[in-house]
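Reviewing the structure listed below.
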Amino acid sequence: MIWNPNKECMSRDEMRALQGKRLQKLVTYVYHNVPFYRNKMQAMDVSPEDIKSIDDIVKLPFTTKQDLRDNYPYGLQAAPASEIVRVHASSGTTGNPTIVGYTRKDIAVWSEVMARCLTAFGVTREDTFSVAYGYGLFTGGLGAHYGVENLGATVIPTSTGNTEKHIRLIRDLNISGIACTPSYALYLAETLDKMGLRKEDIGLRIGAFGAEPWTENMRKEIEERLGLKGYNIYGLSEIMGPGVSYECSEQNGSHINEDHFYPEIINPETLEQLPHGEQGELVFTTLTKEGMPLLRYRTKDLCTLTNEVCACGRTSVRMGRIMGRSDDMLIIRGINVFPSQVESVILEMPEFEPQYMLVVDRVNNLDTLQVQVEVRKDFFSDDIGRMLNMKKALADKLKSVLSISADVKLMEPNSIERSQGKSKHVIDKRMLK
Ligand code: DLL
């Protein structure tokens, strides 16, 4: 099923014409309502009249997270305060949080794009859907919630916390779908085990997983343990929240809601636009947003784009999985390392739980990497020879994938802290010194 075939299956020419028209309108709007953009455009000698088609987007300035922080709290807001009906804020561990205001129309667009995602995952009005993303300033909870309601399924706003009660609700209310982070999905599976229940005791069918990077192996693991089909959903609060892109039944990249969020891939160093297929930093322009529209927002997320035809019938550009964020990328002894590479290796080995932590340090001016990983209950033993072999096997695989050697530390089952929201996989002690 396709929620909005008019938009999701538009011909490429029509889509580009629509994007061009919307971009022109957007640029005029921000030029007149956001001094930050007017000043930037004037400094670049660009005026709204210079934007005639979507290709002219390259003439426009970029926006960064730092710009949002520097203009805290409402400096980039384009709509008057009286038009703002909701505010979310993104976490961020340092500096000012990022504040995002939405108008009534923004919320309607968000509910529309979320309904497109859920429909692509196979959710219908007959489903009962649990939203287990955090409700609050984080966009996950309320964003998904409005989408489920808009679609007409029944929403159960479980949020995070009290996982045992959640599992009882899943069983007793015949909940068929769940939206949460992939790491919470795993925690749910563990709790199910602990409660002595099997996946057959609950009827979960569909998972809408996102808000953090995850791998194909992680998908297999969650699907196997929860007995559902897991779909990727991507988004970020600065642009809207969940619903910027979504997988279809082909699961070959995520379709971008391109009539609202225009994607580009750039080389993060030269800032040049890159052709489809090349990996770089993902950049979005919000084509229809009123509250806090952004021009060419640099997400720091690294991926590729493609507009090869998709068998599902949707014509939109798709993005590959997020390889990591340019600021998540660890540089260890000069080599780029993404936590997702380590995750893939760990999940290929049946001995390990998908629970791990990378601890990076600097000893005598040399970077060190320790990979702590939990051994599955069935494989954990006091046979030292066996444990040493396991450790060596993982260390060898890591070395061949990462090109640097890592010290592997085998951990007892259930010893690494679980996360209900976005999980943390890196402790970089170098930054603390
Ligand atoms: O995480 C919005 C969201 C909620 C998306 C629920 C999906 C589901 P932020 O807190 O602003 O917003 O974090 C955005 O999270 O730039 C990516 O680095 C990462 N991210 C989000 N979805 C995915 C995904 C929400 N499917 C940042 N795969 C983004 C990989 C993701 N990374």
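In listed order, ligands and their atoms are each counted from 1. Because the structure is predicted, anything quoted here is derived from the model rather than measured.
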Item checked: Those atoms of ligand 1 less than 4.0 Å from some heavy atom in I233 -> 7 (C), 22 (N), 24 (C), 26 (N)
Notebook entry, point to check: Does a side-chain N-to-carboxylate-O contact under 4.0 Å join R314 and E258?
Noted result: no
Check: Which atoms of ligand 1 have any heavy atom of S237 under 4.0 Å away?
Finding: 9 (P), 11 (O), 12 (O)
Margin query: Whether the side chain of D67 engages the backbone of T64 through a donor-acceptor N/O pair (distance < 3.5 Å, no angle test) should be reported.
Written below: yes
Check: If you measure from each heavy atom of R321 to ligand 1, is any distance below 4.0 Å?
Finding: no
Note to self: So, regarding D301 and ligand 1 (criterion: nitrogen or oxygen to nitrogen or oxygen, under 3.5 Å), is there a contact or not?
What the structure shows: yes
Margin query: With a 6.0 Å cut-off on the ring centroids, do W214 and F209 count as close?
Written below: yes
Check: Should the pair F261 and F284 be assigned to parallel (<30°), tilted (30 to 60°) or perpendicular (>60°) ring geometry?
Finding: perpendicular
Notebook entry, point to check: Charged N to carboxylate O below 4.0 Å: is that the case for R325 and D301?
Noted result: yes
Next item on the list: Check each heavy atom of N232 against ligand 1 and say whether those closer than 4.0 Å belong to the side chain, the backbone, both or neither.
Entry: side chain
Margin query: Strictly distance-based, threshold 3.5 Å: is any side-chain N or O of Y262 a donor or acceptor partner for the main-chain N or O of L23?
Written below: no
Checklist line | Numbering as shown, the atoms of ligand 1 that approach F138 to under 4.0 Å (heavy-atom distance) | finding: 1 (O), 4 (C), 10 (O), 25 (C)
Item checked: Proximity of K422 to ligand 1 by residue part, where a heavy atom lies under 4.0 Å -> side chain
Notebook entry, point to check: How are the rings of Y102 and H88 set relative to one another: parallel (under 30°), tilted (30 to 60°) or perpendicular (over 60°)?
Noted result: perpendicular
Next item on the list: May I ask you to check if ligand 1 and L236 share an N or O to N or O distance below 3.5 Å?
Entry: no
Note to self: Within the 4.0 Å heavy-atom shell around R325, which atoms of ligand 1 are there?
What the structure shows: 16 (O), 18 (O)
Margin query: Within ligand 1, which atoms have a heavy atom of G210 less than 4.0 Å away?
Written below: 7 (C), 8 (C), 26 (N)
Checklist line | G140: numbered ligand 1 atoms lying under 4.0 Å from its heavy atoms | finding: 4 (C), 6 (C)
Item checked: Donor-acceptor contact below 3.5 Å, side chain E281 vs main chain K300 -> yes
